[in-house]
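See structure below.
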Amino acid sequence: MKKIAIFASGTGSNFTALVEAIQKQQIPVTVALLVCDHGDAPVLQRALSANIPTFVINFKDYATKAQAEGQILERLKAAQVDAILLAGYMRIIGQTLLNAYPDKILNIHPALLPSFPGAHGIEDAWNYGVKVTGVTIHYINADVDAGPIVAQAAVPILPEDDIHTLETRIHQTEHQLYPAVLENLIQKGEL
Ligand code: GRF
């Protein structure tokens, strides 16, 4: 059975959606580790409740990103992790992890890339006034929010929407799409 690590920095709703879907849909994959870069992030409690081991890394404890990622890499290797799913991980993945996991790191972005990359995809789409936005799952490479796209789902912006109702629908869409993509890639042996 393949083993994945999930990287998250904050709330962790995608973490929970993945963990629950793996269980319910019997996706043949084990979540071997949660990597989190904030010691007080709510996602840590979610991992605890789901009995998933966690590794908290404080980047300020390391002189360079390469050193911090070196520590993460040791934990990933110890847990025999095959692939990484970023789920609200608010850091740019560096060369250390990219080299160790080529074509094995996925990210979820709350907009239809290449539109609205960056940390505020939902707000940026809303402020621009587009009528359709959505969710993108893509592989990570050295360019931010620009790796090969695996899947996208559109979310229309309705006349009665405000940013909060839009956010809710984007997150609901994320929680469907990420597990579906994981299942598909595992089935195809691509992760
Ligand atoms: C999601 O909207 C994801 O697309 C973005 O960060 C957010 C994380 O939300 N990369 P959560 O922590 O999974 O609730």
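For reference, positions follow the sequence shown, starting with 1. One-based numbering, in listed order, for ligands and for the atoms of each. It should be emphasised that the depicted structure is a prediction, and the values quoted were computed from it without experimental measurement.
- With sequence neighbours excluded, no residue forms a side chain to side chain contact (heavy atoms under 4.5 Å, CB included) with A78.
- At a cut-off of 3.5 Å, with distance as the only test, no side-chain donor of E123 or N127 sits close to an acceptor on the other residue.
- Pairs of residues two or more places apart, or lying in two chains, that qualify as salt bridge (charged side-chain N to carboxylate O under 4.0 Å, His left out) and include a residue from residues 78-96 are D37-R91.
- Residues L98 and L85 do not share a hydrophobic cluster, defined by chaining ILVMFWY side chains whose heavy atoms lie under 4.5 Å apart.
- Here ring pair (Phe, Tyr, Trp, His ring centres under 6.0 Å) pairs that include residues 164-185, with residues two or more places apart or in two chains, number zero.
- Contact of the D61 side chain with the N58 side chain is registered, since non-hydrogen atoms from C-beta on lie closer than 4.5 Å.
- Sorted by chain and number, the heavy-atom contacts of ligand 1 below 4.0 Å come from T11, G12, S13, N14, G88, I108, H109, P110, H171, E174.
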